[in-house]
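A quick write-up on the structure given underneath.
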Amino acid sequence: MTQSDNELQIAEFTSFEDEKFDRIYPAKFRRLSSLHWTQVGVAAAAAELLVTASGTRVFDVGCGCGKFLLVAASSSAGHFTGVEQRADLAAAARAAAKRLHLANVDIRHGNILDIAFAEFDAFYIFNPFEENMAHGHRIDASVQLSARLFKQYTNYVASQLGAMPLGTRVVTYAGYADEIPSCYTCEMALFHDDLKLWVKHREFEPDIERLGLGVSRSYRGGIGWVDPRPVR
């Protein structure tokens, strides 16, 4: 970062293009940005959808180097927590938050299976488990990856989201929303339908979810966003 960059106010970061924002990270993480980290504009929009009151506790499922958390925390009144299983990414996220003097960001180094979603009010999910699949874009080989883990992680997130109260908000970016149980309805789709707001309107029914009767796959066809879930 240049000296002038260091003097910028935190809130101004949300208006800058991604290439400039990413200078806060080491070069090896900047190279991953276009594929693995949330774009600045998307992060700011997601924060606006998730933070409905001052102090809203937002959880990022697989936060990487924390780019969503930094942008969201500097552009809203929420409190943002992320979990990341790669130690170097978690450390980079903490360092960046400290450099920006963000008191409303918390980075946890750990596994999603150790997180109780009841601690939080709203959730951000940027396709966190895709690299476990054969076609997935892998960051590196430092953590265990497998199709079995993809299923385990997505099922865990779905069950945790299912247990949240009615009205809970989730924003997904990219991916197929495999983690979103059918008791959530897609209420908004932005950024060419890649950013979606889901709200819980019905009680979670684990038996129905296990049977696959409420398949929750996002779809974007030639006519735009189509919600695959019939209203019950």
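Quick caveat, the model's predicted, so the values are computed rather than measured.
Asn132 places no side-chain N or O within 3.5 Å of a backbone atom of Ala147 that could act as its donor or acceptor partner. Checking side-chain atoms of Asp121 against main-chain N and O of Arg57 turns up a donor-acceptor pair under 3.5 Å. Judged purely by atom type and a 3.5 angstrom limit, Asn104 uses its side chain to pair as donor or acceptor with the backbone of Gly78. Of the possible donor and acceptor atoms, none in the side chain of Arg23 sits under 3.5 Å from a partner among the backbone N and O of Arg30. A donor-acceptor pair is defined here as one N or O able to donate and one able to accept, closer than 3.5 Å; such a pair exists between the side chain of Gln160 and the backbone of Phe117. Side-chain N or O atoms of Arg138 include one that pairs as donor or acceptor with a backbone N or O of Glu131 at under 3.5 Å. His109 contributes no side-chain N or O that, together with a main-chain N or O of Val83, makes up a donor-acceptor pair within less than 3.5 Å. A donor-acceptor distance shorter than 3.5 angstrom exists from the side chain of Ser74 to the backbone of Val71, with no hydrogens or angles considered.
Using a 4.5 Å cut-off on side-chain heavy atoms (C-beta onward), Phe129 and Glu179 make contact. The side-chain heavy atoms of Leu190 and Leu49, taken from C-beta on, include a pair separated by under 4.5 Å. The closest side-chain heavy-atom distance from Leu50 to Thr56 is not below 4.5 Å. Side-chain contact check for Lys28 versus Asp88: some heavy-atom pair is nearer than 4.5 Å. Contact annotation: the side chain of Asp60 never approaches that of Thr38 to less than 4.5 Å [non-hydrogen atoms, C-beta and beyond]. Two residues are said to be in side-chain contact when any heavy atoms from C-beta on lie closer than 4.5 Å; Ile125 and Ile180 meet this criterion. Within the 4.5 Å cutoff, side-chain heavy atoms of Lys67 are placed close to those of Asp18. In this structure, Met188 and Leu195 have side chains that are not in contact, with every pair of non-hydrogen atoms separated by 4.5 Å or more.
No path of Ile, Leu, Val, Met, Phe, Trp and Tyr side chains, each step under 4.5 Å between heavy atoms, connects Tyr156 with Val143, placing them in separate hydrophobic clusters. Both Trp37 and Leu100 are members of a single hydrophobic cluster when ILVMFWY side chains are connected at heavy-atom separations under 4.5 Å. The cluster map of Ile, Leu, Val, Met, Phe, Trp and Tyr, joined by side-chain heavy atoms under 4.5 Å apart, puts Leu32 and Leu145 in different clusters. Under the 4.5 Å side-chain heavy-atom criterion for grouping Ile, Leu, Val, Met, Phe, Trp and Tyr, Leu113 is connected to Met164 within one hydrophobic cluster.
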With side-chain contact (heavy atoms from CB on, under 4.5 Å) as the criterion, how do Phe150 and Asp178 come out once you've worked through the C-alpha distance, each side chain's angles and the decisive distance to 0.1 Å?
CA-CA 10 Å; Phe150 176 87; Asp178 299 89; 4.0 Å; yes

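Taking all atoms of both residues into account, the shortest heavy-atom contact from Phe204 to Pro181 is CE1-CB, 3.7 Å. Taking every heavy atom of both residues into account, Ile107 and Ala90 meet most closely at CG2-O, 3.7 Å. Residues Tyr25 and Gly66 share a closest heavy-atom pair of OH-C, 3.5 Å. In plain terms, the two heavy atoms of Cys183 and Gly162 that are nearest each other are SG-CA, 4.3 Å. Taking all atoms of both residues into account, the shortest heavy-atom contact from Phe59 to Ile112 is CE2-CD1, 3.7 Å. Pairing each heavy atom of Ala46 with each of Val171, the nearest pair is CB-CG1, 3.9 Å.
Here the straight-line distance linking atom CG of Leu89 with atom SG of Cys63 works out to 8.0 Å at 0.5 Å rounding. We find the CG-OG1 distance between Asn127 and Thr172 to be 9.0 Å, quoted to the nearest 0.5 Å. Tyr153 contributes atom OH, which lies 4.0 Å from atom CG of Asn111 (distance to the nearest 0.5 angstrom). Atoms CZ and CZ, from Phe123 and Arg169 in turn, are 13.5 Å apart once rounded to the nearest 0.5 Å. One distance of note links OG1 of Thr185 with NE2 of His201; it measures 5.0 Å at 0.5 Å rounding. In this structure, the separation between OG on Ser182 and NZ on Lys200 is 10.5 Å, given to the nearest 0.5 Å.
A side-chain donor from one of Asp22 and Ser33 sits under 3.5 Å from a side-chain acceptor of the other.
For the ring-ring contact (aromatic ring centres under 6.0 Å, His included) with Tyr124, the lone residue among Tyr173, Phe68, Trp198 that qualifies is Phe68.
Taking 4.0 Å as the cut-off between side-chain N and carboxylate O, Asp140 and Arg86 count as a salt-bridged pair.
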